[in-house]
2 protein chains.
Amino acid sequence: MRMSELSTATGVAVPTLKFYLREQLLHAGERTSPNQAQYDASHVERVRLVRALLEVGGLSVAQAARVVGALDSDLPLSSVFGVAQRAVSIPAALASADDEATDAEPAPTAGQTRIAALCESRGWRVYPNNPGLPLAARVLDTYAALGLGHISDTVLDRYAQAADLVAAADLASVAAVDELTEMTRTVAAGTVLGDTLLAGLRRIAQEAESFRRFPLPDGAPAPGTSLLDEQDC
Amino acid sequence: MRMSELSTATGVAVPTLKFYLREQLLHAGERTSPNQAQYDASHVERVRLVRALLEVGGLSVAQAARVVGALDSDLPLSSVFGVAQRAVSIPAALASADDEATDAEPAPTAGQTRIAALCESRGWRVYPNNPGLPLAARVLDTYAALGLGHISDTVLDRYAQAADLVAAADLASVAAVDELTEMTRTVAAGTVLGDTLLAGLRRIAQEAESFRRFPLPDGAPAPGTSLLDEQDC
DNA sequence: ATGAGCAGATAGTAGCACTATCGATAGTGC
DNA sequence: GCACTATCGATAGTGCTACTATCTGCTCAT
C-alpha cells in the first residue's frame, strides 16, 4: 500500500499524512528504496486512531503523539493507562499551568484538601502525580473563587460516585479484551473517548432532568424522546 | 473603579481586558466622559467567570462569549442551561463537524440508533438538537470504526447511569440557589466546570480501580492515598 | 525514456488569543 | 495653568498550532 492509497483509505490528505509522519503520530512505512515505502493495515488503523484522538477526543497533535508513542513502546498496560490519562488533561492549558512555584512547596489549596479527603473516604489510592488530582482541585478552587456558593459535599460525592461507576466499567471493558496490543489500543481510545462520551450523556441527562424538575410553563414545544422521530422544521 | 484597577483586581492585563470588551466577553463600563469609564464589582466577577470558562473549562473566546451573552439577556433559566450546554461541546471541532449534508436527511448511524434507544430506556426526553446526542453518537461510531470491539451495552448503560447521577446533582445544586441572577451564573459555571471536574475524578478513579484490578507485580512504588502526604522526589 | 508518483525539506497559510503601539483626549498633583 | 499619567478606540503585530504548498531529487510502471 502506497501513501496515496493510505490517503484514500483513511480520507486524510497526503500532505497531512506526511505531517503526521514528521510529528511522530504515524510510524514510518517499510522502505523499499530511498524514496519509496510500503504502508499496511497497521498504518490505516493508526491514522484512524489519531483522527479519533484529534477530532473526537479534542487532543492536540503533541498530546496525541504522546499517546501513540506509549502504544509503540511496549510499556506495561498500567503505564499505557497512565500515559493516556496524562496526555489528555481536558483543557490543555491546565496541563502545565499548575507548576509555577517549583522550589517552595506552597500550602495546599482548599480544593486540594477536599480532593485528598475525598480520596481517603472513597479508598482511592493513586500516585500523587495523577493528573486528575490538580484538575479536580482546580475546579473546586475556581468554583469557590467565582463567589457562588461552593460545591457541596453531597454534590461532590455524587460526582465521585459517578466517576467510580464509569471507571469500573472502563476497567471491565479493558479486561474483556484478550489480545495485548488491542488491549493497549482499547485503553488509549477508551480513556480519551470516554470523557467525550460521558460529557455527551451528561448533556442529555441534564436536559432531561431539567424538564422533570422545571416543567415548561405553558404548552411550549415539548421535547421528543429521541433524535430519530424528529425532523427539523 | 478604573480599568487599571480592574486589571490588578483580576490579574488580567489591561490590553486583554480591552480585547474582552471588543469580543463581548465583558460588558462596557459606565461612561463618565468620551474616554473614561467606571467599572464595578459586576465586572470583576464577570472577568473571573470568563477566565474560569477559558482556563478551566477550556472554552474558546467565541464559546465563552455565547455563554456570557446568555447571562446578559435575561433568558429563562432553562434557556441558559441550553445555551451553556451548546456553547461547550467538549471538542470544539465537533460543534460544526456534524452538519455536512443539510439537504438530504441521511440514514441514522448505528451510534445514533443506540443513543436513541438509550434515551428511550432511560426515559430521557430531550430536544432533538441537544448537543449531547451527536456527541455521544459520534463517540460510539468512532469507537466502532477503530476496529476494537464496540462499547458494550452494559458499559454504555453504566455511563448513562453515571450521567444521570451527576445531572441530578447538578440540578439539585442549582435549585438550592435562591437568587435568580446567581442561579444563571451557577448554571453556566456548573455546566462548564462540571465536565472538567468529572473528567478529573474519572482519572483518579480509573487509576485507583486499575490498582485494585491489576496489582503491581513486585515491590514496585505503591501509590499513596492522597496528594498531601507526599513530596516529589 | 518519459511521465506520474514518492520522500524529504523548506516555506507558507489560516485561525486563535492575545499584545503593542498610536493619537486624541481626560483626570490628577503641584 | 501645566506636566504627567491614564484612558479610549483603532490598527497592526506576535506566537502558536495544524495543517498545506511547493520544490528537488529520485524511482517505477509503461
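Values reported hereafter were calculated over all heavy atoms of this structure, with side chains retained and with hydrogens, waters and symmetry mates removed.
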Gap separating the CD atom of A/E182 from the CG atom of B/L148, nearest 0.5 angstrom: 5.5 Å
Per-nucleotide protein contact string for nucleotides 19-30 of chain C (B base, S sugar-phosphate only, - none; heavy atom under 4.0 Å): B-----BSS---
CD (A/E30) with more than 12 external heavy atoms under 6.0 Å: no
Distance-only polar pair, side chains of A/Y39 and A/R46, donor-acceptor under 3.5 Å: no
Non-hydrogen atoms of A/A189 and B/L146 that approach each other most closely: CB-CD1, 3.8 Å
Paired nucleotide for C/dC30 [Watson-Crick or G-U wobble; both distances under 3.5 Å]: D/dG1
For C/dG23, the Watson-Crick or wobble counterpart (both distances under 3.5 Å): D/dC8
C/dA17 phosphate, OP1 or OP2, under 4.0 Å from B/Y20 side-chain N/O: no
Atom pair CG (B/L193) and OH (A/Y143), whose distance is rounded to the nearest 0.5 Å: 7.5 Å
Close side-chain approach of A/Q206 to B/V174, heavy-atom, < 4.5 Å: no
Residue A/S60, side-chain heavy atoms: nucleotide from C/dA7, D/dA18, C/dG5 that is nearest: D/dA18
Value in whole Å for how far the P atom of C/dC18 lies from CG of B/L21: 14 Å
